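Model, not experiment: these values are computed from the prediction.
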Amino acid sequence: MKAPETLPHGGSSSLADGEWHRMHPLTPLFKGGLALLVVAGIVITNMRDKVIGWMVALFAPEAGYGGQGGDPVDWVLENDLVLLALLAVLGLVVVLIAIFWFLWRFHQFRITGAHVEVRKGLLFRSHRRAPLDRVQGVNLTRPFPARIIGLAKLEVVGAGNDANVPLEYLSTAKAEAVRADILRLAAGARNARLVASGAAPRTTREQLIGSVNAGVSGLIEGVDLADVAPESVVKIPAGRLIGSQLIVAVLWILFFGAIYLVSIISMYLGMTADGEDHADIAIGMVALSLGMGIPLVIAVVGITWAQISKSLRYSIASTPDGVRITFGLLTTVTETLPPGRIFAVEVSQSLLWRPFGWWTVKINRMTGKSATQQQSGNAQQFNIVLPVGRRADVERVLGLVLPGIAAHEISAMWESGVTGPAADDPYKTIPARAWWRRPLSWRRHGYRLTAHSVLVRRGFLWRRLAVFPLARLQSVSISQGPIDRLQRVSRGQIHSVTGPVTGNLSGLERDDAIALLDGVSRAAALAASADRTHRWAEYTPEHAAEHAAGAEHAAEAAQP
């Protein structure tokens, strides 16, 4: 087998050579062509009399079609205008193909040693560029229709609003190769893991057949575990996942049920006050039950199924490119998070999950979506790295998303942080005189500064532990209001990128709040200066030792 040639721009595949390449020829169809065909079909169905009359008047005015009564298709057949109709349909198909061809012809991308670029458009041109050293992750999505014929779309996640760069669509094999190249180049490794194929190039027909076969097989077998170490994979049993969502559905049922009960009582009291007889009251309550009950049940079932279908076949694993998360039943999404792109991690547990020992893990990460887009279901899904798991699952996931923390530290973090407080509690918590600020959780509510991160522990009914790596900390602030000054306490805030993990603290001893501000500021500055994870392939053991030593020194200096 011939060794692959290293390209001048640092790429390893034919698509990462710094040259412009086109998307898959079926891209225009899946980007809007299907919707266009459906809309055109609806329009033609509802306006076929006028369409046929217009075509006849244009090409065969002597036929005298008036469109008055009868079926227009039968009229076309009776007047021997079938050839004209077929030519009209053929002309429409040719026009659509020409439009799709132009859209495909002017939709290109290229990958260099520094950027991923996409340009498209004929009349209205657009050009997007993502610097590789700012790549926050790469999403590989297989929507159900495209997945059947083996197509996928990539989204290079950048930092900032509307900074993502989509590459849609490519064949699944090419999409996976491009994803690997982007992550490898972003890591700073020019010649890592190059694989060459000695097979002869296949024809377009062979490629399409292979894509369809791979797409259908992927629906059954699952995807994206070829380069994953089996022992690193964390999977969620379907029964546990469904059970956890059904428990959440109970909350929705209680919420909607309370609304329904209040409405029934209000209606009954109103009708009774108006002197309605029992028959009218019964009819009114039945009508209300049908009018509110059925939509509420449909809403609960729909929400629950949406969450279950998104999370089925969920798996988390470590790869040479970072943490890979795959989820989805019909539409499969694969998210690859490079090391150093996770800004905060939170382990949490609701009261309803406590008897089962279930926990969820969420993260804060930079995304190229706006604040409004981040509220969508898929954006929220990307912030969940473990929908539901037991302690062993949580510790394995923490080891994946926080690679700089040793296993024994994660175990200690669990005992004192996730389920604490334990004996000799190392956390700075709310003093007894300020217990009223958090009546149930004042003994838990607090923070701890370690050699690698700031830990924020909160909640009693909903237990949470947030981990903020020092190297990626944004800022720290403390504040004090009039009542705080009377009680000699302060509020604190650990600032991270936008996401579900927050670092709010209240009721801290004044000295502890000052120690948080001073200690974290010094430790974060040292950690950031020693951090090399933005080019993680260049992250050597010497860098790791320097990073740990500097952060540990700052953490020791911060102790009051």
Hey, are the side chains of [X] and [Y] touching, using non-hydrogen atoms and a 4.5 Å cut-off?
| X | Y | result |
| --- | --- | --- |
| Y314 | T326 | no |
| I405 | L398 | no |
| T334 | R142 | yes |
| L154 | P166 | no |
| I384 | V361 | no |
| V178 | V138 | no |
| R443 | I430 | no |
| R390 | V394 | no |

Holding to salt bridge (Lys or Arg N to Asp or Glu O under 4.0 Å), I want the full list of residues that pass it with [X], two or more places apart in sequence or in another chain.
| X | answer |
| --- | --- |
| R433 | E509 |
| R463 | none |
| R464 | E346 |
| K153 | E168 |

Strictly distance-based, threshold 3.5 Å: is any side-chain N or O of [X] a donor or acceptor partner for the main-chain N or O of [Y]?
| X | Y | value |
| --- | --- | --- |
| H445 | S506 | yes |
| Q349 | W358 | yes |
| N364 | V501 | yes |
| R458 | G446 | no |
| R324 | A317 | no |
| T336 | G137 | no |

State which residues pass side chain to side chain contact (heavy atoms under 4.5 Å, CB included) with [X]; sequence neighbours excluded, sorted by chain then number.
| X | result |
| --- | --- |
| D425 | P421, Y427, T429, R457 |
| L241 | I236, S244, S311, L312, P387, V388 |
| Q474 | F343, H495, V497 |
| L486 | none |

Please report the closest heavy-atom contact between [X] and [Y], naming both atoms and the distance.
| X | Y | answer |
| --- | --- | --- |
| S453 | L455 | OG-CD2, 3.6 Å |
| L517 | V476 | CD1-O, 3.5 Å |
| L470 | T450 | CD1-O, 3.8 Å |
| R510 | S490 | CA-OG, 4.2 Å |
| W462 | S348 | NE1-CB, 3.5 Å |
| A434 | Q487 | CB-OE1, 3.9 Å |

Nearest-0.5 Å distance that lies between atom [atom1] in [X] and atom [atom2] in [Y]:
| X | Y | atom1 | atom2 | value |
| --- | --- | --- | --- | --- |
| I325 | L400 | CD1 | CG | 9.0 Å |
| L151 | L170 | CG | CG | 8.5 Å |
| L183 | L337 | CG | CG | 9.5 Å |
| Y169 | T141 | OH | OG1 | 8.5 Å |
| L516 | D511 | CG | CG | 12.5 Å |
| D181 | K174 | CG | NZ | 13.0 Å |

Going by an N to O cut-off under 4.0 Å, is there a salt bridge joining R240 and D393?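 Here R240 pairs with D393 in a salt bridge, since their nearest N and O are under 4.0 Å apart.
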Which pairs, with at least one residue in residues 397-410 and sequence neighbours excluded, count as a salt bridge (Lys or Arg N to Asp or Glu O under 4.0 Å)? none
Is there any salt bridge (Lys or Arg N to Asp or Glu O under 4.0 Å) pair reaching into residues 485-503, and which pairs are they, with sequence neighbours excluded? D484-R491
Are V456 and L465 close enough, and set up right, to give a side chain to side chain contact (heavy atoms under 4.5 Å, CB included), and what steps lead you there? CA-CA 6 Å; V456 176; L465 176 70; over 6 Å; no
Contacts table for residues 412-419: side-chain donor-acceptor under 3.5 angstrom, sequence neighbours left out:
| from | atom 1 | to | atom 2 | distance (Å) |
| --- | --- | --- | --- | --- |
| E415 | OE2 | R391 | NH1 | 2.9 |
| E415 | OE2 | R391 | NH2 | 3.0 |
| S416 | OG | A412 | O | 3.0 |
| T419 | OG1 | W414 | O | 3.2 |
| T419 | OG1 | E415 | O | 3.4 |

Verdict with reasoning, V385 to V323, per side chain to side chain contact (heavy atoms under 4.5 Å, CB included): CA-CA 9 Å; V385 294; V323 179; 5.9 Å; no
List the residues meeting ring-ring contact (aromatic ring centres under 6.0 Å, His included) with F460, not counting sequence neighbours, and say none if there are none.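 If we apply the ring-ring contact (aromatic ring centres under 6.0 Å, His included) test to F460, skipping adjacent residues, there are no hits.
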